[in-house]
S.K.: 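So that we are looking at the same thing, I have put the structure below in structure tokens.
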Amino acid sequence: MLKHITLSVDCGGTNIKVALMQNGKVLNYEVFPNANKRSDLKIIKRSTYSMLESLGIHKDVLLGICLSLPGTVDYYNTRLVSVNKKYNWGVGFDFIAWAKKEFEGIPLVIENDARLALLGEATYGVAKGYDNVVVMTFGTGIGSGAMIEGKILRGAHNTAGSLGGHMVVDYDGFPCNCGNQGCIEGQIGSWRLPDFIKKQNGFFDKDMNADITDYRTLCLRVEEGDSFAKRCFKRITRLWGVGLVNLIHAYDPEVCVLTGGVLKSAHIILEPVRRYVKKNAWVYWGEIPVLASEQVDSSTVMGGEALIKRHLTLPAFY
């Protein structure tokens with residue numbers, strides 16, 4: 001009989017993933033497009049009960065529920081307090097009341113998505129065994145999380161460690177949708193990539209360059225040896241390296257982890273980023289490992305399970 005199951009929901013900028021988890025493993029999951037409406041909660045409920053039924057288990061086996069949200073989350077008061085366009089419907093929403101009504105009081109926690117990716121990798125993933133970790137996530141946007149001495153940083157206003165995507169890497173660069181100028185997300189986040197590509201020298205030399213509108217296409221072109229794509233990619237990996245060096249200097253980690261959908265091309269991303277970090281990070285004690293998640297689609301839902309168990313003061317492997 002399946003038991004000690006957790007419900008972990010990754011509310012991404014583009015899609016929402018609903019997963020049933022057990023000891024860091026995804027038992028079953030469903031994905032649906034993010035409509036950026038409160039009605040998404042109805043689909044989360046429907047997906048959950050459908051998956052429970054397919055596994056032949058009752059909701060009473062659920063230890064808890066975790067919602068991962070992009071934005072500033074007050075974990076201790078279970079509130080989404082600030083967002084950047086996406087999930088504006090959730091600011092101030094009573095998630096506890098929702099869970100009580102729809103899941104009959106099963107414990108609920110919510111947290112920032114990048115912090116959960118951090119916790120997932122530190123509990124079940126490539127950063128397991130480390131107490132000082134930084135994570136940078138590459139999805140629709142760019143996020144970050146930091147752990148120091150085994151404790152997730154949240155700070156006085158719930159933003160500590162989570163704004164790595166909004167550290168400035170080019171003060172003359174594109175404006176970011178956060179209101180700042182030159183943020184790493186505003187330069188090379190997935191949503192900004194088409195603008196970045198158009199600005200590069202040689203863009204107008206070939207009509208096919210206009211087809212590079214997402215990271216999957218860019219990475220394929222790089223592997224095919226396309227010279228324009230390779231020049232763009234070189235600058236992008238340099239900016240990723242700048243972002244990581246900023247996090248290293250800010251939080252003094254033992255290890256850095258990259259995760260998110262873009263890291264499905266880790267085989268061409270990791271080495272140039274590692275070279276930049278090795279050359280430019282001030283780490284007198286030696287070279288800092290830069291690792292890619294081995295489960296880029298599951299870092300956040302693994303973190304959701306880990307947070308539920310921390311919340312209930314249960315061991316990670318229950």
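Atom set for the values below is all heavy atoms of this structure, side chains included, hydrogens, waters and symmetry mates excluded.
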S.K.: Hey, does the Lys NZ or Arg CZ of Arg154 hover above the aromatic six-ring of Tyr76, less than 6.0 Å from the centre and inside 45° of the axis?
M.R.: yes

S.K.: Tell me whether Val296 shares a hydrophobic cluster with Val255, the cluster being built from Ile, Leu, Val, Met, Phe, Trp, Tyr side chains joined at under 4.5 Å.
M.R.: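 Each belongs to a different hydrophobic cluster.
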
S.K.: Assess whether ring-ring contact (aromatic ring centres under 6.0 Å, His included) is satisfied between Phe138 and Trp191, documenting all intermediate values.
M.R.: CA-CA 11 Å; Phe138 300 90; Trp191 58 270; over 10 Å; no

S.K.: How long is the gap from CG on Asp10 to OG1 on Thr300, to the nearest 0.5 Å?
M.R.: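 These two atoms lie 4.5 Å from each other.
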
S.K.: Hey, is Asp170 close enough to Arg235 for a salt bridge, meaning N to O under 4.0 Å?
M.R.: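 Looking at Asp170 and Arg235, the cut-off is met.
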
S.K.: Using the salt bridge (charged side-chain N to carboxylate O under 4.0 Å, His left out) rule, take Lys42 and Glu102 through it: C-alpha gap first, then chi angles, then the decisive distance, then the call.
M.R.: CA-CA 9 Å; Lys42 295 180 180 178; Glu102 305 295 357; over 6 Å; no

S.K.: Measure the acute angle between the ring planes of Tyr49 and Phe103, then classify it against the limits of 30° and 60° as parallel, tilted or perpendicular.
M.R.: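 Parallel, since the angle between the ring planes stays under 30°.
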
S.K.: Is the side chain of Ser293 donor-acceptor paired with the backbone N or O of Thr259 at a distance under 3.5 Å, no angle test?
M.R.: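 Judged by distance alone, no pair lies under 3.5 Å.
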
S.K.: Hey, what do you get for CZ (Arg231) to CG (Asp226), rounding to the nearest 0.5 Å?
M.R.: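 Interatomic distance, Arg231 CZ to Asp226 CG, rounded to 0.5 Å: 8.5 Å.
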
S.K.: Of all residues at least two apart in sequence or in a different chain, which pass the side chain to side chain contact (heavy atoms under 4.5 Å, CB included) check with Leu312?
M.R.: Leu63, Pro107, Ile308, Leu314

S.K.: Does Val242 have any side chain to side chain contact (heavy atoms under 4.5 Å, CB included) partners at least two apart in sequence or in another chain, and if so, which?
M.R.: Val169, Asn246, Tyr276

S.K.: How are the rings of Trp89 and Tyr87 set relative to one another: parallel (under 30°), tilted (30 to 60°) or perpendicular (over 60°)?
M.R.: tilted

S.K.: Salt bridge check, Asp131 against Lys151: does any charged N sit closer than 4.0 Å to a carboxylate O?
M.R.: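 No, this pair does not count.
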
S.K.: Is the NZ or CZ atom of Lys17 both under 6.0 Å from the centre of the six-membered ring of Tyr29 and within 45° of that ring's axis?
M.R.: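 That pair qualifies as a cation-pi contact.
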
S.K.: Decide whether a cation-pi geometry holds between Lys199 and Phe174; the criteria are a distance under 6.0 Å from NZ or CZ to the six-membered ring centre and an angle within 45° of the ring axis.
M.R.: yes

